[in-house]
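The structure under discussion appears below in the form of structure tokens.
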Amino acid sequence: MTWTLEWASRGACKASTADDLFVQGSAQNRAKQICGGCPVRTECLADALDSRVEFGVWGGMTERERRALLKRRPNVQSWRRLLETARDAHLGAAAGEVTGSGTTVPPALDEVTVAV
């Protein structure tokens, strides 16, 4: 997959306004719901993390959640690479992919994003 900003045109938020995604308080939970089933959620979150975007909901995470994740994982060089690998592993596990040792690949993307 090529990672460019072309993913933005496929985002679930494309019909939303900036006012819907750059909110505070409990409105952030409504904004995060927009991201719930988004087909480019991984690309969006990776771009926000790699670019250190400070405001708004991106990839289903608020600025506070992204800051906390960046603080917990300061050695990550490329969130794009990490999240892409985790997503692929998760999709493989969801499809029942089995490794050479006979174990199912763990859902690494969930470990990265849910532990916020």
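When the shell of 6.0 Å around CZ of F55 is examined, it contains 12 or fewer heavy atoms from other residues, nucleotides or ligands.
In this structure, the separation between CZ on R73 and CG on L49 is 10.5 Å, given to the nearest 0.5 Å. In this structure, M61 CE and L70 CG are separated by 8.0 Å, a value rounded to the nearest 0.5 Å.
Between C13 and D20 there is no side-chain heavy-atom pair separated by less than 4.5 Å. Residues R87 and E43 have side chains in contact (heavy-atom distance under 4.5 Å, counting atoms from C-beta outward). At least one side-chain heavy atom of W79 sits under 4.5 Å from a side-chain heavy atom of R52. When side chains are defined from C-beta on, L45 counts as touching R66, because their heavy atoms get closer than 4.5 Å.
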Only pairs under 3.5 Å count here: list side-chain donor-acceptor contacts from residues 24-31, not counting sequence neighbours, and write none if there are none.
| from | atom 1 | to | atom 2 | distance (Å) |
| --- | --- | --- | --- | --- |
| Q28 | NE2 | V23 | O | 3.3 |
| Q28 | NE2 | E63 | OE2 | 3.4 |

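Heavy-atom minimum distance, K14 versus S9: CD-O, 3.2 Å. What you find for C38 and G11 is that their closest heavy atoms are SG-CA, 3.7 Å. What you find for W58 and C44 is that their closest heavy atoms are CE3-SG, 3.6 Å.
Under the 3.5 Å distance criterion, the side-chain polar atoms of D50 are left unmatched by any main-chain donor or acceptor of S78. Under a 3.5 Å cut-off, the side chain of R41 and the backbone N or O of G59 do form a donor-acceptor pair.
Taken together through direct or relayed side-chain contacts under 4.5 Å among Ile, Leu, Val, Met, Phe, Trp and Tyr, V57 and I34 form parts of separate hydrophobic clusters.
In summary, K32 and E65 engage in a salt bridge, as defined by a charged side-chain N under 4.0 Å from a carboxylate O.
S51 is linked by a side-chain contact (heavy atoms from CB on, under 4.5 Å) to D47, V53, counting only residues two or more places apart in sequence or in another chain.
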